[in-house]
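These notes are about the structure you will find just below.
Quick caveat: nothing in here was measured; it's all calculated off a predicted structure. Both backbone and side-chain heavy atoms feed into the values below; hydrogens, waters and symmetry mates do not. In what follows, every chain begins at residue 1, and chains take the letters A, B, ... in the order their sequences are listed.
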4 protein chains.
Amino acid sequence: MARNKGEESKKKIFQAAAELFAHKGFHATKISDIVAKAGLTQAAFYLYFNSKEEIFEQMLEDFEKQLIHFSDAGKKVADIQPEHVKDHVRETIADILKFLGKNPHLTKVALRENKDDRLRSIIVEKIAANMSNNQRLGIVKTEIDTQFAGEAFLSVIEHIIERYVMTGEKTENELADQVSLLFLEGILNKN
Amino acid sequence: MARNKGEESKKKIFQAAAELFAHKGFHATKISDIVAKAGLTQAAFYLYFNSKEEIFEQMLEDFEKQLIHFSDAGKKVADIQPEHVKDHVRETIADILKFLGKNPHLTKVALRENKDDRLRSIIVEKIAANMSNNQRLGIVKTEIDTQFAGEAFLSVIEHIIERYVMTGEKTENELADQVSLLFLEGILNKN
Amino acid sequence: MARNKGEESKKKIFQAAAELFAHKGFHATKISDIVAKAGLTQAAFYLYFNSKEEIFEQMLEDFEKQLIHFSDAGKKVADIQPEHVKDHVRETIADILKFLGKNPHLTKVALRENKDDRLRSIIVEKIAANMSNNQRLGIVKTEIDTQFAGEAFLSVIEHIIERYVMTGEKTENELADQVSLLFLEGILNKN
Amino acid sequence: MARNKGEESKKKIFQAAAELFAHKGFHATKISDIVAKAGLTQAAFYLYFNSKEEIFEQMLEDFEKQLIHFSDAGKKVADIQPEHVKDHVRETIADILKFLGKNPHLTKVALRENKDDRLRSIIVEKIAANMSNNQRLGIVKTEIDTQFAGEAFLSVIEHIIERYVMTGEKTENELADQVSLLFLEGILNKN
DNA sequence: AATGAATGAGACTTCATTCAT
DNA sequence: GATGAATGAAGTCTCATTCAT
């Protein structure tokens with residue numbers, strides 16, 4: 001008989017806020033927007049959060065927690081046969097997309113709507129480290145500036161989450177195909 | 001000496017607004033911030049602009065005007081020798097970066113801070129059209145979804161403008177090298 | 001065992017409210033403060049009182065009731081031997097202090113936290129009447145404005161209740177000594 | 001032609017706030033009350049003060065400043081002939097009353113409406129020190145607890161400021177007479 | 001050409017109070 | 001006898017905008 005009505009209301013507010021922050025940005029989102037979307041009154045907001053600032057912070061923390069968890073769960077890549085490198089990368093990209101796409105609003109808020117770029121940096125570092133490792137293994141070109149490539153990659157991921165995942169226009173797998181095609185081999189025809 | 005002092009004040013305000021909109025977003029930027037940065041009073045703002053919305057619109061129009069002009073000035077690519085394709089693309093990218101980087105704040109505002117994605121779309125269309133053309137010429141792989149690739153490309157450009165150009169960390173030419181390396185041939189070692 | 005649990009809760013709330021009203025004043029005291037101190041929930045407050053105003057009114061009534069009772073119980077002063085006047089006054093003062101000091105919070109609320117000064121006036125009238133009587137008996141100087149002196153006396157009593165009784169710094173008897181010394185004979189050395 | 005309109009508005013608000021804080025207390029006074037009394041709008045309040053808290057603090061500071069100034073201006077009592085002691089004390093009391101009565105609202109706010117009793121203590125200390133000195137000179141009885149007497153004295157002063165000065169019912173000189181009569185020689189007839 | 005002063009509208013936040021369980 | 005959850009109304013504060021000078 002659902003004795004956790006409060007917890008549910010809190011979640012509703014949280015979700016509503018995430019969507020609105022993602023769509024209109026933190027400043028343009030009013031508490032009244034949030035609670036309207038959650039089907040409650042403004043006072044109810046303050047039952048669960050102390051301020052607009054606070055719900056925002058919780059959002060970032062939430063994202064970071066999930067991010068850490070996702071990283072830790074990263075498949076341990078033992079030895080990949082050279083001929084499977086591409087497939088493996090594509091899969092990794094799909095995983096990232098699926099993770100970030102699972103909560104696209106939160107993702108957008110975390111990557112766009114914060115002062116410093118701490119969360120963004122964390123992700124970029126991970127990607128860059130991975131790429132560097134693959135340089136040492138001879139898989140990735142040594143001319144590539146992995147930091148730079150990591151940032152470029154994240155920008156693209158971020159954009160397509162918003163542009164294709166949030167709109168439902170393409171699936172994560174389709175997107176992973178395109179992204180890996182692009183990043184792994186570039187657009188030029190070889191000949 | 002005091003020729004067109006008014007025009008100068010207007011420019012100061014415009015520039016201050018562009019920087020602030022770029023850094024903090026439209027909503028988070030207060031008229032008081034803008035005029036403080038411009039060294040004027042709030043009332044002065046309304047001497048030159050009718051509202052906060054208006055200066056924002058003018059900013060987008062300004063950007064669009066420059067954009068059109070830039071497109072029109074695009075070098076007519078007659079016949080490029082196959083062996084010069086890469087250099088040509090790199091140059092084109094450098095041109096784009098230089099154009100957008102000339103007024104990075106305006107660029108960021110135009111690409112991020114607007115309701116619809118009209119300006120963004122215009123650019124993406126151009127890039128996609130160009131790529132499609134290159135597909136027909138056999139230069140670009142046919143598997144590439146040019147619309148998608150255009151968007152990815154713009155996302156990267158946009159990010160590096162903010163991340164490297166606005167900070168002065170890298171020059172447009174350096175960036176063009178990295179971007180073309182990445183997009184043209186991908187990160188994988190060929191073998 | 002659970003006899004009149006309700007009555008107990010009501011008392012707890014009443015006492016908590018009295019202390020808080022005394023310390024922070026009516027307006028600055030929140031229902032949430034009161035019930036927190038009483039170990040109950042806000043809804044419980046409304047089980048026993050209809051509003052914040054109401055508990056406050058009850059407090060004043062309570063005080064007034066006790067006050068009436070105290071007055072009525074006032075020792076009938078028949079004939080006091082001139083040489084015992086001082087002792088008698090000191091005792092009266094001690095009685096007043098003990099009465100008001102028994103519930104210092106209530107006292108403070110009653111004397112400070114009300115719109116009109118009805119309760120205060122009642123007490124002042126009593127003291128003034130008493131003094132006037134003593135003037136007729138030749139005990140008190142005729143130059144003394146008894147109304148004024150009554151007010152001065154009550155102000156002092158009120159202050160020391162808060163300053164010394166509530167803090168436990170001095171006992172009512174010690175205070176009565178000082179007060180009577182002060183009021184009866186003044187600070188100047190006679191010679 | 002009065003180019004200091006702003007400064008005037010600030011003063012109007014300050015004065016209105018002082019009166020209201022004195023009459024209804026800090027918490028019960030609304031910004032809307034204050035500005036209504038000052039003939040301005042709520043927004044104007046924030047042109048001159050950052051918060052309700054701040055204007056209150058400024059009020060205390062203001063009072064303290066005046067207090068220090070008053071103390072410093074205290075007449076240097078060289079040698080007072082024994083037979084002039086009373087007159088001298090009466091004059092001192094009148095001075096204090098005039099000083100505090102000049103701005104009775106501020107006085108009330110400073111003495112009643114603050115967390116700690118810092119300002120109150122400062123005054124009490126001064127009075128007590130003075131009295132102690134007079135004890136050494138054989139003017140004041142040694143049985144008197146000067147700290148206690150100082151507090152009693154201030155309570156009375158405070159009360160009569162509110163009760164008689166603010167209402168205009170008695171003048172400072174009349175009050176000084178009564179107060180000195182009371183405190184110097186007490187109410188009892190000597191015989 | 002510019003400013004000091006003010007404001008209306010609306011945002012955020014608090015709090016006494018209610019109600020279903 | 002008591003509570004968890006919610007709310008309406010009101011208060012504090014902010015900000016784009018206006019206007020007289």
Most 5' of C:T29 and B:T41 on DNA chain E, judged by nearest nucleotide: B:T41
Pair C:Q58, C:D62: side-chain N/O donor-acceptor within cut-off below 3.5 Å: no
salt_bridge(A:E64, A:R118) N-O dist < 4.0 Å: yes
Rounded interatomic separation in angstrom, taking NZ from C:K11 and C1' from F:dG1: 16 Å
Earlier contact from the 5' end, DNA chain F, for C:S9 and D:K30: C:S9
Length of the line joining B:E54:CD and F:dT17:C1', which is rounded to integer Å: 13 Å
C:K52 NZ - E:dT18 C1' separation (whole Å): 17 Å
Sugar-phosphate, base or nothing in reach of C:L47, heavy atoms under 4.0 Å: base
A:R163/B:D117 under salt bridge (Lys or Arg N to Asp or Glu O under 4.0 Å): CA gap, chis, key distance, verdict: CA-CA 11 Å; A:R163 176 67 187 75; B:D117 275 335; over 6 Å; no
Pairing partner (Watson-Crick or G-U wobble, both distances under 3.5 angstrom) of F:dT7: E:dA16
Between C1' of F:dA6 and CD of A:E8, the distance in whole Å: 15 Å
Under 4.0 angstrom between C:K5 side-chain N/O and F:dA2 OP1 or OP2: yes
Sugar-phosphate only, base, or nothing, as touched by B:Y48 at under 4.0 Å among non-hydrogen atoms: sugar-phosphate
Gap between atom NZ of D:K37 and atom OG of D:S32 - 0.5 Å precision: 13.0 Å
Phosphate-side-chain proximity, C:Y46 and E:dT17, N/O vs OP1/OP2 below 4.0 Å: yes
Between E:dA16 (C1') and C:F56 (CZ): distance, integer Å: 16 Å
Whole-Å distance separating the NE2 atom of D:H27 from the P atom of F:dA10: 19 Å
Along DNA chain E (nearest heavy atom to each residue), the more 5'-positioned of C:S51 and A:E53: A:E53
Whole-Å gap separating P (E:dT13) and CD1 (D:I31): 17 Å
Flag side-chain contact, heavy atom, 4.5 Å: A:F26 against A:K52: yes
Earlier contact from the 5' end, DNA chain F, for B:F45 and C:Q42: C:Q42
Sugar-phosphate only, base, or nothing, as touched by B:L40 at under 4.0 Å among non-hydrogen atoms: sugar-phosphate
Counter-base of F:dT12, judged by Watson-Crick or G-U geometry with both distances under 3.5 Å: E:dA11
Interatomic distance, D:F49 CZ vs F:dT14 C1' [rounded to whole Å]: 18 Å
